[in-house]
Amino acid sequence: MSNNFLSWKANYDAKKERKGPFFTVSSVPIDPLYAPGHTAEIDYERDLGNPGEYPYTRGVRSNMYRGRLWTMRMFAGFATAKESNERYKFLLSQGQTGLSVAFDMPTIMGYDSDHPRAYGEVGRVGVAIDSLQDMETLFRDISLDKVSTSMTINAPASIIWSMYVVAAEKQGISANKLTGTIQNDILKEYIAQKSWIFPPDPSMRLITDIFKFSKEHVPKWNTISISGYHIREAGATALQELAFTLADGFAYVEAGVKAGLDVDDFAPRLSFFFNSHTDFFEEIAKYRAARRIWARHMKEKYGAKKEESLLMRFHTQTAGCSLTGPQPENNIVRTAYQAMAAVLGGTQSLHTNSMDEVLALPSEKAAQIALRTQQVLAYETGVVNTIDPLAGSYFMETLTNQMEEGAEEYFQKIDELGGVLGAIRENFFQQEIADAAYRYQKEIETNERIIVGINDFVNEGKDKIDLLKIDPEVELSQITRLKDLKQSRDNIRVQTTLSDLKEAAQGTDNLIPKIMDAVRAYATEGEMVAVLKEVFGEYREQAVF
Amino acid sequence: MNKELLDQWLARLFDRDRRATAKLISWVEDDVEREYIMRAVLKQTGQQMVVGITGPPGAGKSSLVEALTKLYRGKDERVGIVAVDPSSPYSGGAILGDRIRMQAHGTDRDVFIRSMGTRGHLGGVTRSTSDVLRILEGGGYGRLLLETVGVGQSELEIMQIADTVVVVLNPGTGDGIQAIKAGIMEVADVFVINKSDLPGSERMKNDIEMMLNLNCDGKAWRPPVVLTSVIDQNGLETLREKIEAHQLYMLESGQRDERRKERLRQEVWRHWKDRLQVTFENVWQVAQEKWGDLENGDSYELAGELWRRVLREDKWHE
Amino acid sequence: MNKTRIRVLVGKPGLDGHDRGAKVIARALRDAGMEVIYSGLHQTPEQLVEAAIQEDVDLIGVSVLSGAHMTIFPRIKELLKEQNAEDILLMGGGTIPEEDIVTLVEAGHAEALFTPGATTTEIVSWIRDRLEASKEVSV
Ligand code: B12
Ligand SMILES: Nc1nc2c(ncn2[C@@H]2O[C@H](COP(=O)(O)OP(=O)(O)OP(=O)(O)O)[C@@H](O)[C@H]2O)c(=O)[nH]1
Ligand SMILES: [Mg+2]
């Protein structure tokens with residue numbers, strides 16, 4: 001540290017410091033001032049590079065938002081395919097540039113709407129999709145070669161994706177024109193979201209089958225969205241989100257290679273999904289570090305040759321868990337800051353949460369304000385005018401380096417536990433996350449951390465805003481439609497395709513073509529999952545606290 | 001509590017009412033009318049043998065209990081399970097996690113699973129574990145299984161409760177050596193090397209067999225070493241058979257009665273300890289009053305003086 | 001009657017996978033000296049009620065963030081009735097709109113429901129107070 005810095009420090013220490021806390025959302029302490037001595041000398045070429053150049057710290061495109069803005073992609077879906085279809089058309093008419101489908105719990109877990117386990121859950125937290133028929137309805141009058149569609153589906157991703165591709169086929173659109181993303185990230189299900197169906201090995205096989213099929217037939221599709229979002233929302237810190245997500249990413253790369261693919265054949269289609277929490281600088285540093293780590297490992301460790309394989313492209317969603325029930329309008333403000341962090345961090349697409357996030361699925365009005373928040377950011381604030389404007393800031397570069405170092409330490413631990421699957425088996429991630437979540441809760445309860453409207457600046461009385469309600473009739477009508485379908489389809493063809501699927505599952509052939517055949521026969525998701533469960537079994541977790 | 005009411009609950013227990021089974025267990029655990037309840041229960045029970053499953057944390061005890069239960073259910077046996085987890089030494093609370101591992105039997109009314117916290121008791125079980133097993137027997141559960149806390153140390157009270165002790169170890173963990181050091185070898189009636197889907201189990205089996213060669217020379221029962229994998233569903237039927245064989249041996253050799261006699265003695269001793277504990281606490285209360293002006297001196301000195309003051313009064317054992 | 005330890009079943013019914021809150025609650029109850037049995041995810045109401053009976057818990061605390069609360073709470077309550085186990089209290093929390101809370105509590109389908117922002121301290125004291133009040137009638 002320079003003398004100059006030390007004398008400032010003496011000055012600072014002589015003054016009174018406000019009660020704090022001076023730590024990040026992730027409980028990392030922050031210094032009052034960052035100066036040249038904080039980081040080792042930054043080598044511009046080695047550590048940052050220009051945007052679009054290795055190691056991509058400053059962004060994955062040379063022109064970033066001056067070329068094209070990020071995709072404003074609002075996650076939506078509820079009730080039936082018909083109602084969600086209307087919401088999508090509304091959102092598109094409002095200037096949204098991509099679709100993002102939320103499915104209901106039965107669809108996420110592989111049950112049809114008429115299954116006893118689906119009772120009370122149909123269409124509640126997303127749209128109910130039982131068969132190709134629902135998928136066709138979901139995109140009625142939306143030309144699938146004109147939009148890019150993201151689908152938040154994991155354990156049964158192979159089935160739902162097949163339905164999408166076949167629905168496009170029915171619209172007369174060939175698979176190689178389709179663009180979009182399926183989440184398809186099973187590792188973070190075991191770690192954080194907990195919507196698993198099959199055990200890890202067969203689940204990984206389904207994923208590599210998708211990689212292979214897509215390479216041949218749906219080349220523009222992002223076959224996986226490796227998700228830190230859920231890990232963060234389950235309670236992880238920013239560093240844990242970064243490290244665990246990248247570790248998952250490397251695990252998929254290794255799985256693809258093990259399945260006989262060349263790294264450059266599938267790595268360009270890997271995409272990521274991060275959270276944006278309220279701690280502005282910490283978040284930006286996280287994105288910058290993520291790009292750099294990914295590029296370095298892909299190049300140096302996995303020997304990727306294609307530039308596209310090195311690029312970490314990611315979607316971002318603002319942090320749902322940061323929002324409050326009381327004074328819901330304050331959430332608009334939080335979301336705006338979080339969105340700005342994501343944009344300064346160079347995200348490729350963005351979902352902004354609605355102010356009613358804590359209370360229910362977003363109402364149309366709340367969703368509109370959230371979308372407008374992005375538009376104000378894009379068109380009014382000017383933060384898009386220059387690329388990676390925080391680069392070179394002592395504070396930002398220090399944080400970015402710390403993120404990278406911390407992540408490398410985690411990678412080492414994970415390796416010692418036998419890689420990501422080993423660490424899952426040992427409950428390593430789960431324990432780390434549970435501990436962080438509990439600490440966060442305690443910090444709020446002891447007022448160490450202030451959340452406006454929760455433990456300070458509280459308003460008496462309840463704030464009322466209008467919420468989206470799901471009509472319980474939705475379940476009945478969905479079940480009726482399903483019954484009709486089961487009567488009207490060619491059930492012999494359904495049975496044949498299902499037993500073909502089962503046979504294929506017992507062997508090693510790519511399952512996607514078999515799933516697509518069953519989809520074309522209007523076999524339901526639940527029927528296909530049931531067949532696969534017979535072969536693959538089911539996963540069970542060992543809960544840790 | 002009203003004895004008439006209590007008798008009704010006891011009658012319901014013997015009628016196999018699950019609520020009564022559960023409530024009586026709680027009362028015994030909480031020391032509410034424990035003696036009254038247990039005297040009624042012990043009159044009608046004690047026939048069924050207890051299989052105790054012990055081993056280090058995470059060895060797969062609960063998974064094996066679940067798997068065994070499935071086999072017993074296949075033979076239409078009713079299964080009563082007690083699963084013990086450690087209580088927090090700080091708060092006294094506990095998260096009792098074994099039940100999640102036995103989910104397959106969650107709604108089977110012929111399986112009764114009861115989770116217990118150690119509540120400060122050492123030795124891998126709780127103060128009332130053996131009583132609770134007898135209540136389960138009273139409730140009509142003939143196959144009694146006990147899962148201890150994940151332990152590695154030698155203080156193994158399971159010996160005093162179970163007729164058959166199954167020690168579960170894992171390959172490639174150094175469990176074997178630990179077990180030998182901890183004196184687990186002596187308590188095992190059956191060894192299980194679980195997670196045999198992982199590498200190293202054959203080697204571990206050899207190590208244990210070698211130990212047994214040294215230890216079991218000339219003994220009537222040589223503990224079998226069973227390889228199991230709950231994941232691959234391997235070795236489970238063999239485990240069930242070996243347990244069966246041990247129980248038969250216990251009966252035929254008269255060992256079972258021997259162990260029971262010893263157990264009775266131990267239980268009497270435990271009841272004594274409980275009584276003495278109360279007495280001690282009373283003495284301590286009295287001592288508090290005698291504390292008076294005591295302040296100078298080290299703890300030994302003060303303890304001595306206090307002791308003399310209390311003895312002088314000599315009123316505490318009234 | 002003097003119960004030394006409060007026993008609670010923390011349950012995750014339905015297909016809901018949101019377990020952050022349930023785990024925080026379970027841990028807080030343990031740290032408050034209670035014995036907590038965690039059901040694990042994806043339980044049916046039948047599984048929860050059977051576990052509650054066998055474990056003789058004082059209280060079932062159910063966490064629902066999947067919007068299925070209007071079917072789940074009444075169903076658990078109904079099963080408790082069928083089993084003559086209504087003395088086991090039913091409460092919970094999660095994403096539950098204010099008016100649904102009123103409906104559920106007024107209909108007796110739940111004793112109390114806590115929503116995001118509730119502190120574990122207030123939940124612990126609610127449980128203690130409520131059980132204190134019902135102790136005398138429990139035998
Ligand atoms: C974190 C989160 C996630 C994480 C969950 C991680 C995990 N393992 O838990 C992730 C990102 C994986 C996720 C996924 C989804 N989520 Co989510 N998620 C949230 C979020 C942002 C916060 C929930 C949370 O954990 N908060 C922190 C904890 C501590 O609070 P809590 O659980 O509410 O608990 C407090 C109280 O409710 C109460 N409480 C809760 N349980 C209990 C139990 C007892 C016994 C007691 C006494 C009290 C109590 O006390 C706690 C302390 O204050 C909420 C919105 C929000 N801000 O509340 C949405 C929300 C719950 N999710 C929602 C949805 C729709 C989903 C998805 C279904 C989306 C989709 N279609 O794909 C998926 C599916 C997840 C699944 N597997 O079930 C909706 C539910 C809508 C509804 N019910 O009407 C919400 C409300 C967001 C929204 N507005 O759309 N989600
Ligand atoms: N690979 C493998 N894993 C197993 C096997 N049996 C159990 N496990 C896993 O080991 C972990 C611990 O299993 P449990 O049955 O909970 O072990 P436990 O001995 O009861 O654990 P505690 O009660 O916590 O001491 C779980 O993740 C099980 O899935 C097996 O045969 N093979
Ligand atoms: Mg166990």
Side-chain angles (χ1 to χ4, degrees), chain B residues 1-2 5-6 8-9 12 17-33 80-83 85-109 111-120 126-127 132 135-136 139 141, chain C residues 1-13 19 22-58 79-88 120 124 127-128 135-139:
Chain B
M1 197 192 312
N2 181 332
L5 250 172
L6 205 49
Q8 281 173 24
W9 281 107
R12 282 172 63 182
D17 175 315
R18 289 166 11 272
R19 274 235 89 190
T21 311
K23 286 233 165 276
L24 288 163
I25 291 176
S26 299
W27 290 327
V28 163
E29 209 187 358
D30 290 346
D31 244 331
V32 177
E33 304 290 354
I81 300 164
V82 171
D85 266 325
S87 301
S88 153
Y90 306 106
S91 68
I95 293 178
L96 308 174
D98 295 316
R99 192 183 186 91
I100 304 188
R101 296 263 108 213
M102 308 176 186
Q103 261 172 28
H105 309 288
T107 50
D108 181 348
R109 297 208 172 158
V111 178
F112 195 110
I113 305 168
R114 184 58 178 248
S115 315
M116 303 178 76
T118 50
R119 301 189 182 178
T126 81
R127 205 163 72 83
V132 170
I135 297 176
L136 287 176
Y141 300 94
Chain C
M1 209 203 69
N2 179 26
K3 236 183 160 295
T4 44
R5 284 259 173 267
I6 295 174
R7 285 170 68 88
V8 182
L9 174 68
V10 173
K12 280 298 304 178
D19 62 357
K23 286 186 169 188
V24 164
I25 299 290
R27 197 156 154 174
L29 299 187
R30 178 197 61 193
D31 290 350
M34 301 180 197
E35 284 182 349
V36 182
I37 294 116
Y38 175 59
S39 72
L41 288 166
H42 310 145
Q43 301 293 294
T44 60
E46 286 78 5
Q47 285 170 313
L48 291 182
V49 168
E50 190 57 36
I53 286 179
Q54 293 182 8
E55 300 289 357
D56 191 37
V57 295
D58 303 284
L79 288 166
L80 284 171
K81 261 189 208 151
E82 275 173 26
Q83 301 284 324
N84 271 324
E86 274 179 287
D87 53 313
I88 299 177
T120 57
V124 165
I127 293 177
R128 289 214 178 106
K135 276 276 147 71
E136 293 77 36
V137 291
S138 79
V139 162

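Here is how names work: the chains are called A, B, and so on, in the same order as the sequence lines, proteins then strands, and each is numbered from 1.
Of the atoms belonging to C/Gln83, heavy atoms from both backbone and side chain fall under 4.5 Å from chain B. When heavy atoms are compared at a cutoff of 4.5 Å, B/Arg99 approaches chain C solely by way of its side chain, counted from C-beta outward. Proximity to chain C (any heavy atom under 4.5 Å) is shown, for B/Ser115, by both the backbone and the side chain. With a 4.5 Å cut-off on non-hydrogen atoms, B/Phe112 touches chain C through its backbone and its side chain both. Residue B/Val82: no heavy atom, backbone or side chain, is found under 4.5 Å from chain C.
The line from CD of C/Glu55 to OG of B/Ser26 is 9.0 Å long, rounded to the nearest 0.5 Å. We find the CG-CG distance between B/Asp17 and C/Asn84 to be 8.5 Å, quoted to the nearest 0.5 Å. Remark: C/Ile53 CD1 to B/Arg109 CZ distance equals 7.0 Å, nearest 0.5 Å. Between the CE atom in B/Met116 and the CZ atom in C/Arg7 there is a gap of 7.5 Å [rounded to 0.5 Å]. Going from atom CD1 of B/Ile100 over to atom OH of C/Tyr38 covers 6.5 Å, rounded to the nearest 0.5 Å. Atom CD1 of residue B/Ile95 and atom CG of residue C/Asp31 lie 7.5 Å apart, to the nearest 0.5 angstrom.
In this structure, the side chains of C/Gln54 and B/Ile81 stay at 4.5 Å or more apart for every pair of heavy atoms.
The only option from B/Glu29, B/Arg114, B/Arg18 that meets the side-chain contact (heavy atoms from CB on, under 4.5 Å) definition with C/Asp56 turns out to be B/Arg114.
Under the 3.5 Å distance criterion, the side-chain polar atoms of C/Glu35 are left unmatched by any main-chain donor or acceptor of B/Gly92.
Taking chain B as the reference chain and counting heavy-atom pairs below 4.5 Å, the highest number among C/Ala26, C/Ala32, C/Ala85, C/Gly40 is found for C/Ala85. Between chain C and the residues B/Asp108, B/Leu6, B/Thr107, the largest count of heavy-atom pairs under 4.5 Å involves B/Thr107. Note on B/Gly117, B/Ser87, B/Ser91, B/Ala94: by heavy-atom pairs under 4.5 Å with chain C, the leading option is B/Ala94.
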